[in-house]
Number of protein chains: 2
Amino acid sequence: MSDLLERLRGRGWRMTAQRRVVAEVLNGDHVHLTADEVLARATARLPEISRATVYNTLGELVSLGEVVEVTAHGRAKRYDPNAHRPHQHLVCSECGTIRDVHPGGDPLTDLPDSERFGYTVSEVEVTYRGHCPDCAGL
Amino acid sequence: MSDLLERLRGRGWRMTAQRRVVAEVLNGDHVHLTADEVLARATARLPEISRATVYNTLGELVSLGEVVEVTAHGRAKRYDPNAHRPHQHLVCSECGTIRDVHPGGDPLTDLPDSERFGYTVSEVEVTYRGHCPDCAGL
DNA sequence: TCCTACGATGGACCTAGTCCAAGTCAATAC
DNA sequence: GTATTGACTTGGACTAGGTCCATCGTAGGA
Ligand SMILES: [Mn+2]
Ligand SMILES: [Mn+2]
Ligand SMILES: [Zn+2]
Ligand SMILES: [Zn+2]
C-alpha cells in the first residue's frame, strides 16, 4: 500500500528512491520474501540498490513495526508486511511454502502466569509445519 | 540418561567414543545447548573430537527423534534432549535465556481444518518471547 | 584376529547476515 | 535557487553458523 509510505513519511522517515522501492516490493498481503528476494525485485526497479541498504531498510521497517520477521528453521528469514493483522504461519517442511493462518484466540493468553517465571512476555510466534498438497506425494 | 545410550544401541547405533560423549553432554532435562556449546563440553572430555562429528551426531539424534532442534531468531540453533515430553519455549529476547513451558492442551488441535489448506500438519513450534527478570530493568 | 563398512577428521567451502569508511543526496534554511 | 549538513547509500571485507568431502580409523561381526 502506498499509505505505508505515507505513514513512514509521517514518522519523519527520509524518503529515498531505495526505501521507496523496498516498500513497494513488500506491497501486498500474502508476501513472505527473503532479503535476497527483496533485493532481486528491488534491483529490477532500481539496478544500483545495494544489499546493505535492503538489509538496513528491512531492519528499520521491522523496528517500526511495519514488517514482521518470520524465522524459518535454518533457512533465510522472511519479511512479512502483514504486520497489522496478527496471524500465524503454516510452512511446508519440504519446499518452504508459507501460508497465513488465523487460529481463533490469542495464543499469548494461553500461557498461564504460573508458566511465565517472572518474564514480561510480549510476543508469541507459532509455526505449524507439515507437507503442502504438492509435496504430499513424497 | 544412560538409557538414551541403551535405546540407541538397541536401534543398531554403532557406539563410538565421540557419540557417547555427545550423548552424555546432552544429558539432563533443561538443556538447550548450541552446537558450539556441545562441542566445547565434548572437547573437555574427549579433546580430539571434531566439529563435523558433533554436527553429524546431533543431526542423527534429531532424525531419530531423541533430540529436538529449537530455532532462535537469528541465533544458533539449540539442541534439546527433552524430546519425549512435549513442551514449548519462553525466550528472553535480550540475553537468549530459554525456559521450558507447558501450556495446557495440544496447540496442534487449535488449528481448524478450514485453516489447513490441504496440508498434512504434523508439528507445531510455539515460541514465547519477552524479557527475563534479569533483563527487565532495561 | 582379520576385514570392512560405517564413522571420524580437518579443512575447504557456503549462505545469510553484519560492519565500515567513503561518497551521495533529501530536506531544511536562507 | 543555492548552500549546508547529517542522514542515507555503497561495495567490499568480514563473521557466524553450518555443510561437504576425500581420506583415515575403528567397532563389531565372522
Ligand atoms: Mn504472514
Ligand atoms: Mn526445552
Ligand atoms: Zn511443499
Ligand atoms: Zn534476559
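Residue numbers begin at 1 in each chain, while the letters A, B, ... track the order of the sequences.
- Within the structure, the salt bridge (Lys or Arg N to Asp or Glu O under 4.0 Å) test picks out the following pairs touching residues 78-87 of chain B (sequence neighbours left out): B:E37-B:R78.
- In this structure the side chain of A:H131 never reaches within 4.5 angstrom of the side chain of B:Y119, judged on heavy atoms.
- Within the 4.0 Å cut-off from OP1 or OP2 of D:dG17, not a single side-chain nitrogen or oxygen of B:T34 is found.
- Nearer to the 5' terminus of DNA chain C, by closest-nucleotide assignment, is the contact made by B:A17 (compared with the other of B:A17 and A:T16).
- A donor and an acceptor atom never sit less than 3.5 Å apart when one is taken from the side chain of A:R51 and the other from the base of D:dG11.
- In this structure, B:R19 reaches the C:dG7 phosphate: one of its side-chain N or O atoms is under 4.0 Å from OP1 or OP2.
- Atom CZ of A:R20 is separated from atom C1' of D:dT9 by 15 Å (rounded to the nearest Å).
- In this structure a side-chain-to-backbone donor-acceptor pair under 3.5 Å is present from B:E115 to A:H102.
- Listed in residue order, the members of residues 52-70 of chain B having a heavy atom less than 4.0 Å from DNA chain D are B:A52, B:Y55.
- At least one side-chain nitrogen or oxygen of A:Q18 sits closer than 4.0 Å to the OP1 or OP2 atom of D:dT10.
- For the pair A:E48 and B:D36, nearest-nucleotide mapping onto DNA chain D gives the more 5' position to A:E48.
- Two rings, from B:H30 and B:H32, have their centers 6.0 Å or more apart.
- Under the salt bridge (Lys or Arg N to Asp or Glu O under 4.0 Å) criterion, the residue pairs touching residues 55-68 of chain A are A:R7-A:E66, A:R11-A:E66, A:R19-A:E60, with sequence neighbours excluded.
- Per the geometry, NZ belonging to B:K77 stands 13 Å off C1' belonging to C:dA16, to the nearest Å.
- For C:dC6, the base has a donor-acceptor partner in the side chain of B:R14 [N/O atoms by modelled type, under 3.5 angstrom].
- Taking atom CE on A:M15 and atom P on C:dT28, their separation rounds to 12 Å, with Å as the unit.
- Atom CG in B:L46 sits about 17 Å away from atom P in C:dG7, given to the nearest Å.
- Between B:R9 and B:R75, the one whose closest nucleotide on DNA chain D sits nearer the 5' end is B:R75.
- When all heavy atoms of B:Y79 and B:T34 are compared, the pair lying nearest together is CD1-C, 4.4 Å.
- Looking only at distances, no side-chain donor or acceptor of B:T53 sits under 3.5 Å from a matching main-chain atom of B:I49.
- Nucleotide C:dG7 holds its P atom 14 Å from the CD1 atom of B:I49, rounded to whole Å.
- Atom-to-atom, CZ of A:R78 to P of C:dG17 comes out at 10 Å; the value is rounded to the nearest Å.
- In this structure, the CG atom of A:L8 is 17 Å from the P atom of C:dA26, given to the nearest Å.
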